[in-house]
Protein chains: 2
Amino acid sequence: MAKREDKIGERISEAEHAVMEALWDDSPLTAADVCERVCEQRGWSMPTVKTLLSRLVTKGAVETEADGRRFLYTPTIARADYVGHESRRLVDRLFGGRPASLFAQLAESEALTDQDLAEIERLLKELRS
Amino acid sequence: MAKREDKIGERISEAEHAVMEALWDDSPLTAADVCERVCEQRGWSMPTVKTLLSRLVTKGAVETEADGRRFLYTPTIARADYVGHESRRLVDRLFGGRPASLFAQLAESEALTDQDLAEIERLLKELRS
DNA sequence: GCCAATCGATTACGCCTGTAAACCTGTCGC
DNA sequence: GCGACAGGTTTACAGGCGTAATCGATTGGC
């Protein structure tokens with residue numbers, strides 16, 4: 001049942017997360033590649049991306065592979081794991097660990113469209129089988 | 001439709017959140033009251049609670065009412081608003097704003113018990129009417 | 001072979017957060 | 001009336017985060 005590398009040790013910050021998204025979207029990437037995909041959108045400059053990448057490497061969320069004189073960066077944790085981890089954190093912190101409460105909250109606060117409801121219904125049906 | 005005081009300006013930190021929970025649970029409270037409910041559990045001392053309360057007041061998340069020489073603290077934002085806000089933040093950040101994806105994630109990662117499923121189903125049915 | 005461009009590493013720095021000690025002041029007991 | 005205490009305010013300080021400049025090494029062009 002080894003449930004897929006569950007090593008999400010140190011917390012990933014907001015800015016670092018943006019970098020992770022780029023890498024999850026496509027990897028390995030060089031620092032320049034990453035910058036190309038996030039710098040404009042976030043108003044960052046290269047040095048910022050370099051720093052974030054280093055920190056992610058230190059945290060063990062990203063690993064490097066030498067390619068001549070530069071590095072290629074690859075995530076070591078799966079996006080699904082990260083996302084699952086963060087979701088559970090939220091559910092624990094705000095909903096006493098009861099996902100149904102989260103759902104109720106989203107429902108009650110308008111946040112669910114008809115499409116969402118339909119999709120959730122479909123998933124529910126699937127889980128029943 | 002004034003959707004209930006939506007003033008969640010500054011972000012509330014983790015530690016501050018613990019204090020908010022105490023106040024949401026029961027308010028108004030004095031600083032000592034708050035400490036009584038969270039200090040042991042979190043391993044805090046009075047000064048820490050005082051600091052957190054001050055910061056929350058500065059952030060406008062809590063307001064004070066004088067009671068003789070001391071203060072009574074009361075939340076100015078509703079728990080439901082805070083929780084909704086944070087939930088939406090997560091959905092936006094990690095699931096491209098699609099709540100159904102969050103649901104799918106929770107489903108796929110074991111996190112949903114039969115009870116959860118039953119409850120969600122019930123809520124769904126309710127929303128349909 | 002030497003210079004400029006390229007890259008990663010090191011250093012910087014202000015703000016927020018967690019956690020508290022120190023300080024000031026009003027008050028209640030004696 | 002005076003000292004101990006309760007309670008709020010100020011100050012502190014280390015670590016994380018956002019953002020970046022600077023340094024040092026490598027290398028491709030000429």
Side-chain angles (χ1 to χ4, degrees), chain A residues 8-23 27-75 82 85-86 89 93, chain B residues 8-23 27-75 82 85-86 89 93:
Chain A
I8 302 178
E10 320 231 16
R11 247 168 106 40
I12 292 172
S13 79
E14 175 84 14
E16 287 159 2
H17 175 234
V19 169
M20 289 302 286
E21 286 293 346
L23 290 173
S27 74
L29 293 180
T30 65
D33 290 338
V34 172
C35 187
E36 212 165 284
R37 321 195 172 205
V38 301
C39 280
E40 187 166 9
Q41 189 200 9
R42 310 265 308 198
W44 288 345
S45 59
M46 262 301 274
T48 299
V49 171
K50 301 264 187 80
T51 301
L52 294 172
L53 280 169
S54 302
R55 287 180 183 169
L56 285 168
V57 169
T58 303
K59 292 185 180 180
V62 163
E63 74 188 351
T64 56
E65 164 198 358
D67 169 44
R69 82 225 88 81
R70 63 189 170 167
F71 284 158
L72 297 180
Y73 298 86
T74 313
Y82 173 72
H85 187 72
E86 289 299 301
R89 251 176 62 85
R93 222 164 59 83
Chain B
I8 302 179
E10 320 231 14
R11 243 167 111 39
I12 291 173
S13 80
E14 174 84 15
E16 287 159 1
H17 174 233
V19 170
M20 290 302 286
E21 286 294 344
L23 291 172
S27 74
L29 295 179
T30 65
D33 290 338
V34 172
C35 187
E36 212 166 285
R37 321 197 171 204
V38 301
C39 280
E40 187 166 9
Q41 191 201 8
R42 310 265 309 197
W44 287 345
S45 59
M46 260 305 272
T48 300
V49 171
K50 303 260 188 83
T51 301
L52 293 173
L53 281 168
S54 301
R55 287 181 184 168
L56 285 167
V57 169
T58 303
K59 291 184 181 181
V62 163
E63 74 189 349
T64 56
E65 163 198 356
D67 168 45
R69 84 220 89 85
R70 64 188 171 169
F71 284 160
L72 297 180
Y73 297 87
T74 313
Y82 173 71
H85 187 72
E86 289 299 301
R89 250 177 61 86
R93 220 164 59 84

Is there side-chain contact between [X] and [Y], with heavy atoms separated by less than 4.5 Å?
X	Y	answer
B:R70	B:D67	yes
A:L53	A:L23	yes
B:E86	B:H17	no

Roughly how many Å is it from [atom1] in [X] to [atom2] in [N], rounded to a whole number?
X	N	atom1	atom2	value
B:M46	D:dC5	CE	C1'	12 Å
B:L53	C:dT19	CG	C1'	14 Å
B:L56	D:dG8	CG	P	14 Å
A:R70	C:dA9	CZ	P	15 Å
B:K50	D:dG8	NZ	C1'	6 Å
A:F71	D:dA25	CZ	P	15 Å

Electrostatic pair B:E14:A:R93 at N-O distance under 4.0 angstrom
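So B:E14 pairs with A:R93 through a salt bridge.
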For A:T30 and B:G68, take the nucleotide of DNA chain C holding the closest heavy atom to each; which residue's nucleotide lies nearer the 5' end?
A:T30
Using a 4.0 Å heavy-atom cut-off, does A:A32 contact any base of the nucleic acid, only the sugar-phosphate backbone, or nothing at all?
nothing
Go through the steps for B:L52 and B:W44 under the test side chain to side chain contact (heavy atoms under 4.5 Å, CB included), then give the verdict.
CA-CA 11 Å; B:L52 293 173; B:W44 287 345; 3.5 Å; yes
As a test of reading the structure: which of D:dG8, D:dG7, D:dT27 is closest to the side chain of A:R69, going by heavy atoms?
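Shortest atom-to-atom distance from the side chain points to D:dT27.
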Going through the distances and angles, do B:D33 and B:L72 end up as a side chain to side chain contact (heavy atoms under 4.5 Å, CB included)?
CA-CA 10 Å; B:D33 290 338; B:L72 297 180; 5.7 Å; no
Got a list of protein N/O to nucleotides 16-23 of chain D N/O distances below 3.5 Å?
unit_1 : atom_1 : unit_2 : atom_2 : d
D:dC17 : OP2    : A:K59  : NZ     : 3.1
D:dG18 : OP1    : A:A15  : N      : 3.2
D:dG18 : OP2    : A:S13  : OG     : 2.5
D:dG18 : N7     : A:R55  : NH1    : 2.9
D:dG18 : O6     : A:R55  : NH2    : 3.2
D:dT19 : OP2    : A:W44  : NE1    : 2.6
D:dT19 : O4     : A:R55  : NH2    : 3.1
D:dA20 : OP2    : A:S45  : N      : 3.4
D:dA20 : OP2    : A:T48  : OG1    : 3.0
D:dA20 : N7     : A:T51  : OG1    : 3.2
D:dA20 : N6     : A:T51  : OG1    : 2.6

